[in-house]
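Accompanying notes for the structure given below.
Just the heavy atoms: all of them, side chains too, but no hydrogens, waters or symmetry mates, feed the values below. Chain letters run A, B, ... following the sequence lines, proteins first, then strands; residues in each count from 1.
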Number of protein chains: 2
Amino acid sequence: MTALPSPRVTIKDVAARAGVSKGAVSLAFNRKPGLSEATRDRIFAAARELGWEPNLTARSLSSSRVDVVGLAICRPARMLGLEPFYMEFVSGVESVLTEHSCSLLLRLVRHVEEEVGLQESWWRGRRIGGAVLVDFRADDPRVAAAERLGMPVVAVGHPSLTGSLTSVWTDDATAVTEAVRYLAALGHRRIARVGGAAALGHTMMRTAAFDAAARSLGLAGAWQVATDYSGEAGARATRSMLTAAPPDRPTAIVYDNDIMAVAGLGVAAEMGLGVPGDVSLLAWDDSQLCRLTHPTLSAMSHDVHGFGAEAARTLFGVITGSGPGSHPVPTPVLTPRGSTAPPRS
Amino acid sequence: MTALPSPRVTIKDVAARAGVSKGAVSLAFNRKPGLSEATRDRIFAAARELGWEPNLTARSLSSSRVDVVGLAICRPARMLGLEPFYMEFVSGVESVLTEHSCSLLLRLVRHVEEEVGLQESWWRGRRIGGAVLVDFRADDPRVAAAERLGMPVVAVGHPSLTGSLTSVWTDDATAVTEAVRYLAALGHRRIARVGGAAALGHTMMRTAAFDAAARSLGLAGAWQVATDYSGEAGARATRSMLTAAPPDRPTAIVYDNDIMAVAGLGVAAEMGLGVPGDVSLLAWDDSQLCRLTHPTLSAMSHDVHGFGAEAARTLFGVITGSGPGSHPVPTPVLTPRGSTAPPRS
DNA sequence: GCGCTTTCCTCAACCGGTAAAGTCCGATTC
DNA sequence: GAATCGGACTTTACCGGTTGAGGAAAGCGC
């Protein structure tokens, strides 16, 4: 396609065609008062005839408001594709942005440091009007960076991690506790957990909550490991747990995402262990994947799409200076399916 | 966070601090000749001290070049999260964009019509400098739209679908043929296929290729159905295929993505059929998911990340007016794993 | 010492909008 | 009949860069 530089039509052309000034066209297109119905119509007609739409670059330069929101995701590409969480989250964010005719600038980064640099550069370069920050870790450098820049931001993470930033989060501690209580109520005494990335704040909170719940229920061995969230890591972790001799072997395993639970299911099958007969598995997030396996996977279920939407709504609140401020979204709830049952003996 | 409107530093401040004119600063930051080493250094030092980065909005307004690329994806949110393909593709696109300090504008849309409107609006509004178009269908309206707008575009799809647009594609027909030949070579005579969305061009091509391959091999019943790519649809399709009485029941099923193959695996287990003993399953795309199940899934495997990267590279070629033009990327190759074997009897 | 390049940098006109101040005019008000 | 007012636009000054046309100073050949 030869990109012939078609004589691009501008506001001036529209103004000329409608027989008015640029200013009038601007007023019309921003739905501001001060124009007669007739003129407004004439302007719109002229614009339609010329196929004109306001140049958003020029608009945001002069009005110094940017209708783009940034989101940087920091996980290896391999893992991302498999993590239903992100795409669903992104689609939730999108759904709200679209309502405000706002767009999402997406970037995959390798480290938090890279993300800090990117966000700063986006903001300094006036490319975004705000950002959604995800995957907080302890002492996350993005907290200070966002404050220093004065950039409107919504932090997806527990307030204990996100400092003064407006945040939106799920109550993971409560959810973990519910998961453990449920398995204990089924009769499990040896419950293990295959966690996510150790550096992430919500992993740390889940780990602590798991320990606390196990202790308070007097459970013998609360065995936890951290992974990188990948299916392979989940498989490895499961394999090492299930190769323990029966008295030590966990009879139930909680996973930090769906993929690892699916991998765990594969490992159990590979080892000839029945699910849920020999071992119960409990997934986390509850994407459609949990309903596709056999047995289907019980899961801690939450509305990830809605989570993303709520994050976006909150960000708009921050940008406009109104809005709800920090708040939790609904806690994941237990959705029992075919992979959890009382232990055999 | 109170977004106090920090007195934003501009090129003028930097110029003043370095004791030069705006123009000099511009030259320095665009690495253009005409400045002494010393002055250049002074300018960079001043910029660093003030924490200034050029306002990209202003830059793209005056230079009328936009370093943002658009990508609209048209699938229901539910499905997207589960489709490893997209995230991997996006991450491939990203990897190349990043090299060119370019960003990706992402949007999820519901219909092609919505996408046409969106792309047009993005382009007219000077928000993007080009776009990656995916999921072509027959007589896709985006072909005409892109031509009409003169928008630089790379079409991800077979040239028979993408008209005059520069395109990048995988040779699905050959891959399908290889899949069928492989299964036939194992001894399968009743091979079925669970396809993707019927409206999509590549689905149509795969369907035709599947028919042709089966015919040329003299296979009895080449049973194919179209789905919406969701795991649930894959499960339904598989269930209806496997409930056929043994002489009619397929002994091998080819899927159009990984998720449906996983779902198929679940259905087989649910029906008490062994994989690959009673039925062989062959997935498509080969995300990590295929190695997590038990048995592991044989798949038509390709480098989706690389596919995305190649699409992005080609788009840059179109934008700069140079570059390779339309070309295929490597054909998916068969990767046998645990889910395919000769039929039992 | 004079013209002629080169090198390095300034100036001012854009890019395509927005927004605040200004103009014009017919309708009220006193 | 002058003063006031509000509606409907127009003018004009930006927004923060880029860009091409100069211009001053230094270097060079003769």
Spacing between [X] atom [atom1] and [N] atom [atom2], to the nearest angstrom:
| X | N | atom1 | atom2 | result |
| --- | --- | --- | --- | --- |
| N30(A) | dA20(C) | CG | P | 12 Å |
| I43(B) | dC9(C) | CD1 | P | 7 Å |
| I11(B) | dG17(D) | CD1 | P | 5 Å |
| F29(A) | dA19(C) | CZ | P | 15 Å |
| K12(B) | dG16(D) | NZ | C1' | 8 Å |
| R42(A) | dA8(D) | CZ | P | 13 Å |
| E53(A) | dG16(C) | CD | P | 16 Å |
| K22(B) | dA13(C) | NZ | P | 12 Å |

Practice item. Check P54(A) against F29(A) and note the closest heavy-atom contact, atom names and distance. Key: CD-CD2, 3.9 Å
Check your understanding: How close do V90(B) and L104(B) get, heavy atom to heavy atom, and via which atoms?
Key -> CG1-CD2, 3.9 Å
Review point. Does the side chain of S63(A) get closer than 4.0 angstrom to OP1 or OP2 of dG17(C) through an N or O atom?
Key: no
Check your understanding: dT18(D) phosphate, OP1 or OP2: any side-chain N/O from S26(B) under 4.0 angstrom?
Key -> yes
Touch class at under 4.0 angstrom, heavy-atom based, for [X] against every strand present:
| X | value |
| --- | --- |
| R65(A) | sugar-phosphate |
| L61(A) | base |
| S64(A) | nothing |
| S60(B) | nothing |
| S21(B) | base |
| V25(A) | nothing |
| K32(A) | sugar-phosphate |

Which nucleotide in [options] has an atom nearest any side-chain atom of [X]:
| X | options | value |
| --- | --- | --- |
| S36(B) | dC8(C), dG17(C), dT18(D) | dC8(C) |
| L27(A) | dC9(C), dT10(D), dT19(D) | dT10(D) |
| S62(A) | dT18(C), dG16(D), dT10(D) | dT18(C) |
| N55(A) | dC9(C), dG16(C), dT10(D) | dG16(C) |

Point to revise | Close side-chain approach of H327(A) to T314(A), heavy-atom, < 4.5 Å | key: yes
Exercise for review: List the steps, then state whether salt bridge (Lys or Arg N to Asp or Glu O under 4.0 Å) holds for D135(A) with R142(A).
Suggested key: CA-CA 11 Å; D135(A) 281 344; R142(A) 291 172 294 175; over 6 Å; no
Check your understanding: So, are E37(B) and R40(B) salt-bridged, with charged N and O less than 4.0 Å apart?
Key -> no
Exercise for review: Select from E37(B) and A58(B) the residue whose nearest nucleotide in DNA chain C is closer to the 5' end of that strand.
Suggested key: E37(B)
Check your understanding: F85(B) vs F307(B) aromatic rings, parallel, tilted or perpendicular, using cut-offs 30° and 60°?
Key -> perpendicular
